[in-house]
Amino acid sequence: MRILVTNDDGYHAPGLEVLEEIARQFSDDIWVCAPAEEQSGAGHSLTLNHPVRLQKFGERRFAVRGTPTDSVMMALRTVMDGPPDLVLSGVNRGANLGDDITYSGTVSAAIEGALAGIRSIALSQVYSREGMGDDVPFSAARDWGAKVIEPLLGAQFPARSLVNVNFPPIPAADVKGIRVVRQGFHDYSRGTVVEGRDPRGYRYFWFGLDAIEHTLDHGTDLEAIDEGYIAVTPLQLDLTHHASLGALAERFDG
């Protein structure tokens, strides 16, 4: 099995090393192609206004001066000598839960794989941001990663779909198990923007520095993580709200 490993935290991120360790439990044919620098929050963006540059670090190891989407596109169209059987994106430093997946470069890299018809899985390690900095404990992801991926290798992935996996912020030994759950939702109405001034006196702003409230609806990824379970969520790329098609069509009839 040929596996493409990528992320949005950058080529040198610790989570990418963890993911490569997980991938090597399934295959020796591993290709790494990830953004050269952190691209968290890049979503499914594509670089169009300046050249995308490629750097080779070794055999089957590349970094891209661009987004996670750029990285997967470069891997599939330029770097690799044949398509992979599996795309693994992560292990992200931090959660990709609920509607945060729309911002996620980690999930978007897997989306690009899914669009190419390749089985694709995004993996993220939830952690408490208070006082952690870059010191993220990947214990749950490292020990449970292969256990989550293995059943997915034999599962049927519908066209233009992918799987999003989040590991809870607890030691691997304390993880209660794996739940297959739906996407939850946050309450973004309470988000704040923090203003400051740089040494030259110019204003700047930080987004997302405070915790975002969410409701732990039953059967969601947010609830699973809160209760100490690994959250496995199948996602689809068809964003059409099918139930509204008929009512909207009537608005334009006649």
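Worth saying up front: this structure is predicted, and the values here are computed from it rather than measured.
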Side-chain donor-acceptor pairs under 3.5 Å in residues 168-180, sequence neighbours left out?
unit_1, atom_1, unit_2, atom_2, d
K176, NZ, E227, O, 3.3
R179, NH1, E227, OE1, 2.8
R179, NH2, E227, OE1, 3.0

Q) So which of I111, L4, L162, I3 actually passes side chain to side chain contact (heavy atoms under 4.5 Å, CB included) with V87? A)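 Only one of I111, L4, L162, I3 forms a side chain to side chain contact (heavy atoms under 4.5 Å, CB included) with V87, namely L4.
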
Any heavy-atom pair between the side chains of [Y] and [X] that's under 4.5 Å?
X: H12; Y: F57; answer: yes
X: W31; Y: V79; answer: yes
X: R203; Y: E195; answer: yes
X: F62; Y: Q55; answer: no

Just verifying a value: how many Å separate [X] [atom1] and [Y] [atom2], rounded to the nearest 0.5 Å?
X: I225; Y: I230; atom1: CD1; atom2: CD1; value: 8.0 Å
X: L123; Y: T106; atom1: CG; atom2: OG1; value: 9.0 Å
X: R160; Y: L115; atom1: CZ; atom2: CG; value: 8.5 Å

(Q) Give me the atom names and distance for the closest heavy-atom approach of P35 to N7. (A)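 Between these two residues, the closest heavy atoms are CD-O, 3.1 Å.
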
**Q.** SB check D81 R60 (cutoff 4.0 Å)
**A.**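 Answer for the salt bridge query: no.
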
Mind listing the side-chain donor-acceptor pairs of residues 43-51 below 3.5 Å, one per line with the distance, residues two or more places apart or on another chain?
unit_1, atom_1, unit_2, atom_2, d
H44, NE2, E112, OE1, 2.7
S45, OG, A42, O, 2.8
T47, OG1, D70, OD2, 2.5

Q | R61 vs E20, salt bridge (Lys or Arg N to Asp or Glu O under 4.0 Å): CA-CA, chis, key distance, verdict | A | CA-CA 11 Å; R61 307 189 66 86; E20 189 174 354; 2.7 Å; yes

**Q.** Residues in side chain to side chain contact (heavy atoms under 4.5 Å, CB included) contact with R251, at least two apart in sequence or another chain
**A.**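 Partners of R251 under the side chain to side chain contact (heavy atoms under 4.5 Å, CB included) test: none.
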
